[in-house]
Trainee: 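I am attaching a structure below and will ask some questions about it afterwards.
In what follows, every heavy atom counts, from backbone to side chain, and hydrogens, waters and symmetry copies are set aside.
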Amino acid sequence: MAILAENFFKERKYPFILTLLILLICVTLFLFSFNHTTSNAVAFYSVIQEKPPLNPSQASADYTANPKEQELPPNMTNVRFDWKLCEEPQNVDFIPCLDNFKAIKALKSRRHMEHRERHCPETSLHCLLPLPKGYKVPVPWPKSRDKIWYDNVPYSKLVEYKKDQHWVVKSGKYLVFPGGGTQFKDGVDHYIKFLEKTLPAIKWGKHIRVVLDVGCGVASFGGYLLDKNVITMSFAPKDEHEAQIQFALERGIPATLSVIGTQKLTFPDNGFDLIHCARCRVHWDADGGKPLYELNRILRPGGFFAWSATPVYRDDERDQKVWNAMVDITKAMCWKVVAKGHDSSGIGLVIYQKPTSSSCYEKREGNNPPLCENKDGKNSSWYARLDSCLTPLPVDGMGNLQSWPKPWPQRLTSKPPSLPTDSDAKDKFFKDSKRWSELVSDFYMNGLSIKWSSVRNVMDMNAGYAGFATALIDLPVWVMNVVPIDVPDTLSIIMDRGFIGMYHDWCESFNTYPRTYDLLHSSFLFKYLEQRCDIVDVAVEIDRILRPNGYLVVQDSMEILNKLISILRSLHWSVTLHQNQFLVGRKGLWRPKGS
């Protein structure tokens, strides 16, 4: 062996070995770098590094959809993603956490609507949803309240199933909504007037501003209440009433997918002024009254529950059994009947009111159901089980019961009852409102190249005190105010101001159909979100939610904006950057080709 080595060096072959060693080291480093790059979820999209970007000369830059024509900000990695089209036909309207058929099939019970609740997949959506065949730019508001393009939501089951109740009618290329409903025999306008006539204290748009419509159908009730300055969160499950919530959102009416099953609704305690149910197919007396306890939780003290259903006005044995159970449960909850009536079509209605004092709870015999104990003081309903107890009435920092918000529109700009009583909280709240008012009027309206006349359905992904929604109040838009589960809980304050909203975890898919919002807004959300989940997955969800020609407006750090620009460009969105702080992305009609 020694002789061989000696001959090797005499023949001077060591430069070859040295070269070979250097080559092996380079290959090892390359493999390590590749494994490191592809070990995260981004690798799923076949990440390809391109040449270093050029430095743009302007503070506000426009990034087109063609990578060869783009110039990127400094220190930004130009990344391409090999996007795939979701191939299954049902993926046109796919909702990841509600269409997880594998998880639904494995459920041990469906008795309590477990199959209509959220069952998010272990991995995020890794493809882009196709557009419906013949998809068109949606009918603009307010015409969309009464008609939408059939090709955008091509479902006709409800047309036939509810043809005698005038929910929806197919007319040529349109789906037309005449304002009918199971309980709206004389039209929804008549029904809304009947409610206020039955209980004049309702005072639509003044005393009653924030409404929840349970089992809303196509949301005509909420749609017509908009004329009275009432904002309604309409909800129903994704069930055999095919695409009813999709119809609502396509119409430009606030709505979401949800169900009263085994879990709490994703709303705060004491948030709604009035809850409405017109033949909503919820068994309120089930499980000892848990569904009613949940309504009690989210209904504001002094708020109303308007129930229009056959047990109210029919005398057959089944209906009377339900009515008697309702009497027992509502009495135990200290609700009182404040009005009951029948309209000209024979439809009956009963209106309950939640107490404004705890004295009734203290006088009950047996303390059944008991008052809930919320030891940590948190107000979160995310993936929480329904309670078997009553939520205590809210008190302020001094121990006094919270008051009803001021009449609309004063409640929009006055101090919310649920705002903490310390002076710092009050100062922070009003400064936030002022900042958003100035930012929207001075910059968002004219400086971001947004065609606001095409915007109707808006979502604020990190709503804070709803300052953004407040600043948009004079526009013909509505805002879904989302409070992420990992930030301070401000949802009660948002609803005190007269807006709707819900909790959500942006590391999961949102409960809405694809192509249902015109504008998504985010203010310093992603820098916190990136610590828990992949920003690419969030971008795919945003692409799913936004309509073609819809906007994404993001205020965040340049590091975050640089990453988003790469992702959005790969989706063939147009992207503009403003003042190195605001990103505006606009989704197009582009979809990757199918296999």
Trainee: To the nearest 0.5 Å, tell me how far Glu541 CD sits from Met461 CE.
Mentor: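 Output value for this atom pair is 8.5 Å.
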Trainee: Using the side chain to side chain donor-acceptor pair (under 3.5 Å) criterion, which residues pair with Ser144? Sequence neighbours excluded.
Mentor: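 By the side chain to side chain donor-acceptor pair (under 3.5 Å) rule, Ser144 matches no residue at all.
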Trainee: Can you confirm whether or not the ring centre of Phe184 sits under 6.0 Å from the ring centre of Trp167?
Mentor: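 Ring centres of Trp167 and Phe184 not closer than 6.0 Å.
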Trainee: Which heavy atom of Phe267 sits nearest to which heavy atom of Arg297, and what is that distance?
Mentor: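 Heavy atoms only, the tightest pair is O-NH1, 3.0 Å.
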Trainee: Give me the one residue out of Asp93, Asn152, Asp543 that meets side-chain hydrogen bond (donor to acceptor under 3.5 Å, both in side chains) with Arg515.
Mentor: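 Result for side-chain hydrogen bond (donor to acceptor under 3.5 Å, both in side chains) with Arg515: Asp93.
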Trainee: Can you name the residues that form a side-chain contact (heavy atoms from CB on, under 4.5 Å) with Asp151, not counting sequence neighbours?
Mentor: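 Applying side-chain contact (heavy atoms from CB on, under 4.5 Å) to Asp151 gives Lys136.
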Trainee: Using the rule given for ring-ring contact (aromatic ring centres under 6.0 Å, His included), can you reason through Tyr191 versus Tyr224, listing the C-alpha separation, both sets of side-chain angles and the distance that settles it, and then say yes or no?
Mentor: CA-CA 10 Å; Tyr191 179 81; Tyr224 279 74; over 10 Å; no
Trainee: Could you tell me whether the side chains of Arg118 and Ser509 share a donor-acceptor contact shorter than 3.5 Å?
Mentor: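 Distance-only check fails for Arg118 and Ser509.
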Trainee: Does Leu520 form a side chain to side chain contact (heavy atoms under 4.5 Å, CB included) with Val553? I'd like the steps, not just the answer.
Mentor: CA-CA 6 Å; Leu520 265 61; Val553 181; over 6 Å; no
Trainee: Over all heavy atoms of both residues, which pair between Met480 and Ala255 is shortest? Give the atoms and the distance, please.
Mentor: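 Met480 and Ala255 have their closest heavy atoms at CE-O, 4.0 Å.
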Trainee: Hey, could you give me each pair passing disulfide bond (SG atoms under 2.5 Å apart) that has a residue in residues 516-546? Not counting sequence neighbours.
Mentor: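 Residue pairs passing disulfide bond (SG atoms under 2.5 Å apart), neighbours aside: Cys507-Cys533.
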Trainee: Let me confirm one number: the CD1-NZ distance from Ile208 to Lys228, rounded to the nearest 0.5 Å.
Mentor: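 Interatomic distance, Ile208 CD1 to Lys228 NZ, rounded to 0.5 Å: 13.5 Å.
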Trainee: Around Phe430, counting heavy atoms of other residues, nucleotides and ligands shown, do more than 12 lie under 6.0 Å from its CZ?
Mentor: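 Enclosed.
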Trainee: If the condition is side-chain contact (heavy atoms from CB on, under 4.5 Å), which residues does Asp432 pass it with, not counting sequence neighbours?
Mentor: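 For Asp432 the side-chain contact (heavy atoms from CB on, under 4.5 Å) partners, ignoring immediate neighbours, are Arg435, Trp436, Tyr465.
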Trainee: Looking at residues at least two apart in the chain, or sitting in another chain, which of them share a side chain to side chain donor-acceptor pair (under 3.5 Å) with Asp227?
Mentor: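 With neighbours one apart ignored, the set is Arg145.
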Trainee: Kindly state whether the ring of Tyr444 and the ring of His521 have centres lying under 6.0 angstrom apart.
Mentor: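 Between Tyr444 and His521, the centre distance is under 6.0 Å.
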Trainee: Without hydrogens or angle criteria, can the side chains of Tyr503 and Asp489 be said to hold a donor-acceptor pair below 3.5 Å?
Mentor: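 A pair is found: one side chain offers a donor N or O, the other an acceptor, under 3.5 Å apart.
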Trainee: What's the shortest heavy-atom distance between Asp537 and Ser124, and which atoms?
Mentor: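 Nearest heavy atoms, Asp537 then Ser124: OD2-OG, 3.4 Å.
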Trainee: Looking at Ile231 and Pro254, what are the two nearest heavy atoms and their distance?
Mentor: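 Shortest heavy-atom contact: CD1-CG, 3.8 Å.
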Trainee: If you measure from OG1 on Thr516 to CZ on Phe510, what distance do you get to the nearest 0.5 Å?
Mentor: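 Between atom OG1 of Thr516 and atom CZ of Phe510 there are 8.5 Å.
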Trainee: Listed by chain and number, what are the ring-ring contact (aromatic ring centres under 6.0 Å, His included) partners of Phe177, not counting sequence neighbours?
Mentor: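 Expected list: Phe247.
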Trainee: Is Cys280 close enough to Cys216 that their SG atoms are under 2.5 Å apart?
Mentor: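 No, the SG atoms are not under 2.5 Å apart.
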Trainee: Apply side chain to side chain contact (heavy atoms under 4.5 Å, CB included) to residues Phe235 and Ile260 and explain how you reach the verdict.
Mentor: CA-CA 10 Å; Phe235 86 84; Ile260 299 179; 4.0 Å; yes
Trainee: Does Lys170 qualify as a cation-pi partner of Tyr150, given the criterion of NZ or CZ under 6.0 Å from the six-membered ring centre and within 45 degrees of its axis?
Mentor: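 Relative to the ring axis of Tyr150, which defines the angle, Lys170 lies inside both limits.
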Trainee: How far does CG of Leu98 sit from CG of Asn511, to the nearest 0.5 angstrom?
Mentor: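 The distance works out to 4.5 Å.
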Trainee: Apply side chain to side chain contact (heavy atoms under 4.5 Å, CB included) to the pair Leu448 and Phe443, showing each step before the final yes or no.
Mentor: CA-CA 7 Å; Leu448 294 184; Phe443 189 51; 3.5 Å; yes
Trainee: So, are Asp518 and Arg456 salt-bridged, with charged N and O less than 4.0 Å apart?
Mentor: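 Result for this pair is no, no salt bridge flagged.
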Trainee: List the atom of Ser414, the atom of Phe429, and the distance in Å for their closest heavy-atom pair.
Mentor: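 Closest approach of Ser414 to Phe429, heavy atoms only: O-CE2, 3.9 Å.
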Trainee: Assess Arg586 against Trp573: is NZ or CZ under 6.0 Å from the centre of the six-membered ring, and within 45 degrees of the ring's axis?
Mentor: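 Verdict for Trp573: no cation-pi partner in Arg586.
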Trainee: Here's a test for you: under salt bridge (Lys or Arg N to Asp or Glu O under 4.0 Å), which of Arg300, Lys406, Lys415 qualifies with Asp496?
Mentor: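 It is Arg300, the one option of Arg300, Lys406, Lys415 that forms the salt bridge (Lys or Arg N to Asp or Glu O under 4.0 Å) with Asp496.
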Trainee: When the ring centroid of Trp382 is compared with that of His504, is the distance short of 6.0 Å?
Mentor: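 They qualify: ring centres under 6.0 Å apart.
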Trainee: Any heavy-atom pair between the side chains of Ile298 and Leu212 that's under 4.5 Å?
Mentor: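 SC-SC contact between Leu212 and Ile298 confirmed.
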